[in-house]
Amino acid sequence: MLSFLMLHRTITANVLMRNACLAGAGETTVRCRAGRNGVFNPDRPSPHYNVLQANHRERSEVDPSGPENETGAGANESEWWRGAVIYQIYPRSFLDSNGDGVGDLKGVLAGLDHVASLGVDAIWLSPFFTSPMKDFGYDVADYRDVDPVFGDLSDFDAIVEKAHRLGLKVIIDQVYSHTSDRHGWFEESRQNRENPKADWYVWAAPKPDGSPPNNWQSVFGGGAWEWDARRRQYYLHNFLVSQPDLNLHNKSVQDALLDTARFWLDRGVDGFRLDALNFAMHDPQLRDNPPAPQSGRTLTRPFDYQQHAYSRSHRGIPAFLERIRDVANQYESVFTVAEVVGDAPLDEMKAFTAGGRRLNSAYDFAFLYADRLSNKLVRQTVAAWGGDAGEGWPSWTFSNHDAPRVVSRWADEKNRDRAARLFAMLLMALRGNVFLYQGEELGLPQGDVPFECLQDPEAIANWPLTLGRDGARTPMPWTANQPNAGFSSGKPWLPVDPRHLPLSVNEQEKSETSMLHFMRALIRLRRESNALRSGAIEFVETQDGALAFYRRAGADAALCVFNLSDTAARWKPPAETPYALAASTGIETGDRAPPTALAPYSGYIAFPVC
């Protein structure tokens, strides 16, 4: 297997040969992208950080001329996000600073040096807002404050200041489809039918027999309507009973949410991820959802038995997104990305990002919820974003806080390390933005959480027919030889999986062949390549199991070839343009020529020879 060291030796040889070519030596060489100094220099060592030490070098102090202070080769600063790598931090599980067993904002502040050392462009902070935590922060009780379990607004401000000093943008979640039932808006709305916020939520009268207004089902199980005796009406909750849906058909509600966006932009955030965005508006006529076709898949929730034609995805959502864009345009270089949920979300993703007047980007669950990775899945999902006029920009993620970790979904235990590297290389090679989930740089498998330790309401309700979300939310392992892997000095809110200890940050820092070092090198490779960061993608017809595509941006090009299966594959690149390996995994070769045979879970990225 080619390790991190071989990846660097390969690129270093490319640079030396390129210099010889530029000097007129006449040697064949590999095209290398120019950094600010005109030469891509992978010999400069990646900055390594010891976790939680006070004397970290800041990202900007590593090398003022290096890629850490650029948004990518040839990037436009106003579109810093195009092709960016964005690191998701789930604060509750990232790092606990006070020993209460729950990660917090001071922990995020302490861990930013590690994140910056990866070479990513931005962080995305999952919710830290005031909340009763029935859905662990996605049930917001105050959009403009920090929950005491995480800290306070001064802690958040410190994160923004340090992140910007390290060259990192800051993106936060905004949950506009629903609030907590503890939010002041809902507490006022439910009092009667005449108060100023009476129609800020989705209320409906019962049918004549007292049953709910229609057949809509909740994501977390059971009907989507809850009776409220004070109003003698039902309210809609597409998620938990304690998460009533806002009525975004009401312009006053939209105005209040836009004021919330301004509040955070004024505090220095650089963008928003809009959670469950296609749930933001419902059918005002409250028509029944039709039944879903029986495709043979296992149905574990009543929600799965319906096509959600009327409970979400209303055609009025794009107009609201244009209002969000108008607010974003009042600030500098703000990035907006939608999470779009559903079985066939492509049309909505494109509608939400169309024409340069709505959001910048969108991502869905095509990869997150896929049981297996296949050539067909990659080709169909990625090729759907071909770069047509007026089309938005896609974002991709293989893991997050809502889905089982990628190496546990797509590979067995014996192939875990090789597969983790392969999946990382594929993700970094795709056209679009990359969202990297905390721990993915370590190759963490899904954490094992016994039933008695479960916290996720969905997992508890559907046990044992779903893996749930807790296994992806177990504490980040920092130091193998400290209690709770260095995450907390107290009892953590979820247990640390013993399998994660040898994969901890401090253990992987010691080995230059580790997944952590490999990920840093991949991110840097993408950052320095116009083709990989923002170029077009062109899939190649192959035989015998390989996935192959080109990335191209002007004269810059990359050839990306992968065997995503557990059996051998073969593919030979066309002979007219020679290529040389820049990064690979699972490939044993004495030279830099792309191989013809591909072992299981192997792949490479290659650059053309001059």
Side-chain angles (χ1 to χ4, degrees), residues 127 129-132 134-135 137-145 172-205 212-214 216-220 223-228 230-231 233-264 272-286 308 310-324 327 336 338-342 348 352 358-359:
F129 314 110
T130 305
S131 168
K134 297 290 182 63
D135 193 23
Y138 284 92
D139 48 332
V140 179
D142 187 341
Y143 281 114
R144 303 188 191 186
D145 205 356
I172 65 172
D173 259 313
Q174 294 286 269
V175 187
Y176 290 164
S177 68
H178 55 269
T179 70
S180 165
D181 59 2
R182 306 271 186 90
H183 198 293
W185 297 347
F186 186 71
E187 290 177 342
E188 181 176 354
S189 183
R190 76 189 312 180
Q191 293 304 312
N192 52 60
R193 303 187 191 185
E194 292 81 34
N195 69 79
K197 292 184 172 57
D199 59 350
W200 278 41
Y201 290 81
V202 183
W203 295 96
N214 59 29
W216 297 352
Q217 296 294 311
S218 164
V219 172
F220 288 157
W225 295 97
E226 182 71 7
W227 176 255
D228 189 276
R230 278 166 286 197
R231 290 185 51 142
Q233 288 179 308
Y234 286 93
Y235 67 82
L236 176 66
H237 62 92
N238 272 303
F239 296 91
L240 293 174
V241 170
S242 58
Q243 293 172 295
D245 272 49
L246 284 164
N247 178 19
L248 267 77
H249 292 289
N250 184 334
K251 188 173 182 294
S252 295
V253 176
Q254 293 188 18
D255 291 343
L257 294 173
L258 296 177
D259 283 344
T260 293
R262 293 185 186 96
F263 173 85
W264 291 108
F272 301 119
R273 171 194 174 270
L274 301 175
D275 182 71
L277 187 59
N278 51 336
F279 282 92
M281 287 187 186
H282 65 291
D283 170 33
Q285 299 180 48
L286 304 182
H308 307 286
Y310 300 113
S311 55
R312 68 185 189 204
S313 307
H314 189 268
R315 63 181 180 275
I317 294 176
F320 173 54
L321 302 186
E322 291 177 6
R323 299 193 69 200
I324 294 176
V327 170
T336 52
E339 177 199 56
V340 183
V341 182
E348 284 184 283
F352 291 175
R358 297 167 185 171
L359 305 185

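For clarity, every value in this text was computed on a predicted model and none was experimentally measured. We use all heavy atoms of the structure for the numbers below, so side chains are in, but hydrogens, waters and symmetry mates are not.
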**Request:** Check the pair Thr260, Gln174 against side chain to side chain contact (heavy atoms under 4.5 Å, CB included), reporting the backbone distance first and the verdict last.
**Result:** CA-CA 9 Å; Thr260 293; Gln174 294 286 269; 3.5 Å; yes

Heavy-atom check, side chain of Pro244 versus side chain of Glu226, under 4.5 Å: no

Closest non-hydrogen atoms of Ala141 and His183, given as atom of the first, atom of the second and distance, are O-CD2, 3.3 Å

Could you check whether any side-chain heavy atom of Phe279 comes within less than 4.5 Å of a side-chain heavy atom of Ile317, counting everything from C-beta outward? no

- Query: Under a 4.5 Å cut-off applied to non-hydrogen side-chain atoms, are Asn250 and Trp200 in contact?
  - Reply: yes

Check: Counting N and O atoms only, with roles assigned by atom type, does the side chain of Trp185 sit under 3.5 Å from a partner on the main chain of Val253, one being a donor and the other an acceptor?
Finding: no

Exercise for the section: Could you tell me whether Arg323 atom CZ has more than 12 heavy atoms of other residues or ligands within 6.0 Å of it? Expected result: yes

Does NZ or CZ of Arg231 fall inside the cone over Trp203's six-membered ring, less than 6.0 Å from its centre and within 45° of the axis? yes

d(Leu248 CG, Tyr176 OH) to nearest 0.5 Å is 9.5 Å

OG1 of Thr130 to CG of Asp145, rounded to nearest 0.5 Å, is 4.0 Å

Margin query: With side chain to side chain contact (heavy atoms under 4.5 Å, CB included) as the criterion, how do Val341 and Val219 come out once you've worked through the C-alpha distance, each side chain's angles and the decisive distance to 0.1 Å?
Written below: CA-CA 11 Å; Val341 182; Val219 172; over 6 Å; no

**Prompt:** Would you say the side-chain atoms of Thr179 and Tyr201 include a donor-acceptor pair closer than 3.5 Å?
**Reply:** yes

Interatomic distance, CD@Gln254 vs CG@Leu246, rounded to 0.5 Å, equals 11.0 Å

Rounded to the nearest 0.5 Å, the CG atom of Asp283 sits from the CH2 atom of Trp216 at a distance of 5.5 Å

| said: For His237, is there any backbone N or O sitting under 3.5 Å from a side-chain donor or acceptor partner on Gln243? | reply: no

### Message
Just so I know, are the side chains of Tyr234 and Asp228 near enough to count as touching, which here means a heavy-atom distance under 4.5 Å?
### Response
no

Taken to the nearest 0.5 Å, the spacing of Asn278 CG from Ser177 OG works out to 9.0 Å

message = I'd like to check Phe239 versus Asp135 (side-chain heavy atoms, cut-off strictly below 4.5 Å). Are they in contact?
response = no

Are any of the side-chain heavy atoms of Leu258 and Arg262 separated by less than 4.5 Å?
-> yes

Residue set satisfying salt bridge (charged side-chain N to carboxylate O under 4.0 Å, His left out) with Lys197, at least two apart, ordered chain then number -> Glu188

* Asked: Is there side-chain contact between Phe272 and Leu359, with at least one heavy-atom pair below 4.5 Å?
  -> no

Applying side chain to side chain contact (heavy atoms under 4.5 Å, CB included) to Val202 and not counting sequence neighbours gives Trp225, Leu236, Asp245, Asn247, His282

- Would you call Asp139 and Lys134 a salt bridge, taking side-chain N to carboxylate O under 4.0 Å as the test? no

Would a 4.5 Å heavy-atom cut-off, applied to side chains only, mark Ser180 and Phe186 as touching? no

Minimal heavy-atom distance between Tyr138 and Asp275, with the atoms involved, is CE2-OD1, 3.5 Å

Value for CZ (Arg182) from CD (Glu187), rounded to nearest 0.5 Å, stands at 8.0 Å

Between Gly223 and Ser218 the two heavy atoms that sit nearest each other are O-CB, 3.7 Å

Note: Ala205 and Pro213 closest approach over all heavy atoms is O-CG, 3.5 Å

- Message: With a 6.0 Å cut-off (strictly less than), is the heavy-atom count around CZ of Arg315, excluding the residue itself, greater than 12?
- Response: no

With a 4.0 Å cut-off, would you call Arg144 and Asp142 a salt bridge?
no

